[in-house]
Amino acid sequence: MTIENEIGLYLRARVPLLVLVTVEEQRALDVLERVRTARDASGDLVSWDIAGEFRSAAKRAMPQAPVPEKALEKIAEMVKAAPKRRDLYVLKDFHEFWSKSPVVRRKLRNLAHDLVYTGSSLVVTTPVRDVPRELNDDAVVLDLPLPDAEALRAELDRMITSTSGVRSELTPQGMSRLAQAALGLTSTQARRAFAKAIVRDQVLDEKDIGAVLAEKKAVIRASQALEFTAPEETPDDIGGLDALKRWLTLRERAFGDEAAAYGLPAPKGLALIGIPGTGKSLTAKMISGMWRLPLLRLDVGAVFGSLVGESEERIRQALNLAETVAPCVLWVDELEKSLAAGGSSDSGTSQRVLGTLLTWMQEKTKPVFVVATANDVSTLPPEMLRRGRFDEVFFLDLPTEAERREILTVHLRKRRRDPARFDVVRLARLSDGCVGAELEQVVVDAMYRAFAEERDITTDDIAEAIGRLVPLSRSQREAIENLRVWLSEGRAQSASFAEAGRAAEAQVRLELA
């Protein structure tokens with residue numbers, strides 16, 4: 001159901017007070033004007049704000065009302081004079097008044113009660129969802145969703161038509177991709193991004209898609225809770241994790257129309273649990289690159305604000321933004337630390353944020369693939385990892401010898417060295433107990449030494465670096481053993497081994513540790 005249909009349904013149900021949550025004030029007025037016209041073209045859309053006072057879409061003469069209390073009184077008089085008229089009265093900026101004035105709250109509530117028996121309704125546009133408790137029983141709160149791809153394409157076409165001298169070198173598919181690149185932006189932000197692309201050289205081409213994406217990155221970054229990342233990593237950038245890679249490959253096409261026609265739902269997400277440094281964060285980036293989907297990183301710690309209700313509002317806005325950009329990958333890094341960011345004495349804010357996140361993960365219908373990573377599974381609530389919120393829970397253990405060979409090969413190749421020149425088999429044996437991050441670091445440390453001596457790196461340099469390293473598997477042996485016990489109990493699937501050999505392999509490695 002579109003937002004216009006939903007508003008129209010509430011108006012037909014004689015709901016006297018709607019609260020429309022949005023920062024797009026003009027777009028909200030446009031939506032309400034279409035609703036009003038579809039409902040009754042003879043009605044009027046009347047708006048009021050503290051600066052401009054009353055404005056009538058039908059150009060009727062309006063009374064003076066310099067303060068909100070007077071505005072509510074005048075609306076009551078206009079409705080009483082014509083109770084059967086189907087007018088929409090839009091109050092702007094009213095969140096500033098009802099939070100400070102009990103008189104405004106009382107008058108607004110009285111007016112809402114009187115409007116039940118008339119054809120008119122009140123709409124309050126506000127950028128925040130903080131409705132006074134006195135109005136909770138009378139008001140219906142609706143979120144105005146961000147514009148979809150169709151609306152953005154129409155906006156782009158209007159701008160091209162209204163701007164002289166613009167030449168498009170994009171195909172119809174390219175124009176659609178340009179509009180889709182702006183998903184997640186408000187109408188105003190999208191117009192600004194399109195205008196920047198147009199005035200740069202008066203030509204629309206493939207470069208402008210990247211330019212609009214860059215604008216979106218900046219806007220999303222300013223939201224604090226989300227960070228937009230372009231996918232770059234591929235499966236070749238990660239050594240090992242064969243079982244996880246096979247799982248992802250089977251679902252690579254699951255977000256398309258073909259999968260939907262086959263009857264497949266979009267995948268919900270993955271939980272990656274394991275030892276620090278085993279590639280959980282890199283895997284989240286790899287999924288985005290493998291599936292060619294945008295990657296949004298959710299910083300739950302940045303969600304928490306100092307004002308009452310601010311944290312809950314931020315998490316809702318972040319999740320709404322992720323749904324607008326969908327299909328996409330939503331990466332929640334170090335989940336156990338993020339959920340502790342609110343502290344133990346935050347009056348339940350962290351629990352409400354967690355509840356909002358859990359409910360959304362369970363009920364979401366948009367194709368947002370959630371990748372949550374965690375090092376300490378013991379601190380996560382049991383309901384977080386249950387099926388329905390995640391399709392699978394994978395455990396990333398210490399890499400095997402074969403995986404260490406792959407990881408060393410990847411890092412040598414990344415630093416423009418031919419792996420064939422190195423005894424990777426020897427290095428993999430020497431590095432038993434090292435995680436991927438440690439293997440990367442020994443390669444870097446060896447290169448520093450060789451660079452200082454003005455020569456190229458050798459196998460012996462890396463071997464010496466391995467000998468100096470105190471691996472995490474030794475310094476945090478107890479924590480790692482606890483994680484492995486958790487895996488051996490069948491609570492997760494190994495990211496490295498097939499299901500049939502997972503439990504047995506985990507038990508063997510536990511005994512060898």
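Numbers here are sequence positions counted from 1.
Ring centroids of Trp48 and Tyr89 are separated by 6.0 Å or more, keeping the two rings apart.
At least one donor-acceptor pair closer than 3.5 Å links the side chain of Thr278 to the backbone N or O of Ile275. Although no hydrogens or angles enter the test, the distance criterion places a donor-acceptor pair under 3.5 Å between the side chain of Ser162 and the main chain of Met159. Judged by distance alone, the side chain of Arg14 and the main-chain N or O of Tyr117 form no donor-acceptor pair under 3.5 Å. Between the side chain of Arg292 and the backbone N or O of Ser288 there is no donor-acceptor pair closer than 3.5 Å. Here the side chain of Glu24 pairs a donor or acceptor atom with the backbone of Ser187 at under 3.5 angstrom. Judged by distance alone, the side chain of Lys280 and the main-chain N or O of Ile273 form no donor-acceptor pair under 3.5 Å. One N or O on the side chain of Trp291 and one on the backbone of Leu248 form a donor-acceptor pair closer than 3.5 Å. In this structure a side-chain-to-backbone donor-acceptor pair under 3.5 Å is missing from Thr118 to Asp114.
Side-chain atoms of Ser176 and Arg153 include a donor-acceptor pair closer than 3.5 Å. A donor-acceptor contact under 3.5 angstrom links the side chains of Asn110 and Arg106, judged on distance only. Under the 3.5 Å distance criterion, with hydrogens and angles disregarded, no donor-acceptor pair is assigned to the side chains of His95 and Asp130.
The side chain to side chain contact (heavy atoms under 4.5 Å, CB included) test with Ser47 is passed by exactly one of Arg55, Met62, Glu53: Arg55. Each of Val19, Val123, Val46, Leu72 was evaluated against Leu91; a single residue qualifies, Leu72, per the side chain to side chain contact (heavy atoms under 4.5 Å, CB included) test.
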- Criterion salt bridge (Lys or Arg N to Asp or Glu O under 4.0 Å) on Asp208 and Arg200, from CA distance to verdict: CA-CA 9 Å; Asp208 292 316; Arg200 182 180 289 109; 3.3 Å; yes
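Heavy atoms only, all atoms of each residue included: Cys328 and Leu293 are closest at CA-CB, 4.2 Å.
Under a 4.0 Å N-O distance rule, the pair Lys80/Glu77 does not qualify as a salt bridge. Using a 4.0 Å cut-off between charged nitrogen and carboxylate oxygen, Lys285 and Asp333 do not count as a salt-bridge pair. Salt bridge status for Arg129 with Asp143: present, with a side-chain N to carboxylate O gap under 4.0 Å. Under the 4.0 Å criterion applied to side-chain N and carboxylate O atoms, Glu134 and Arg105 are assigned as salt-bridge partners. Using a cutoff of 4.0 Å between basic side-chain nitrogens and carboxylate oxygens, Lys364 and Glu323 are not scored as salt-bridged. Taking a cutoff of 4.0 Å between a charged side-chain nitrogen and a carboxylate oxygen, Arg192 and Glu215 do not qualify as a salt bridge.
For Arg253, the CZ atom is loosely surrounded, since the number of other residues' heavy atoms within 6.0 Å does not exceed 12. For NZ of Lys70, the number of neighbouring non-hydrogen atoms (other residues, nucleotides, ligands) closer than 6.0 Å is 12 at most.
Side-chain contact between Leu204 and Glu169 is absent, with no heavy-atom pair separated by less than 4.5 Å.
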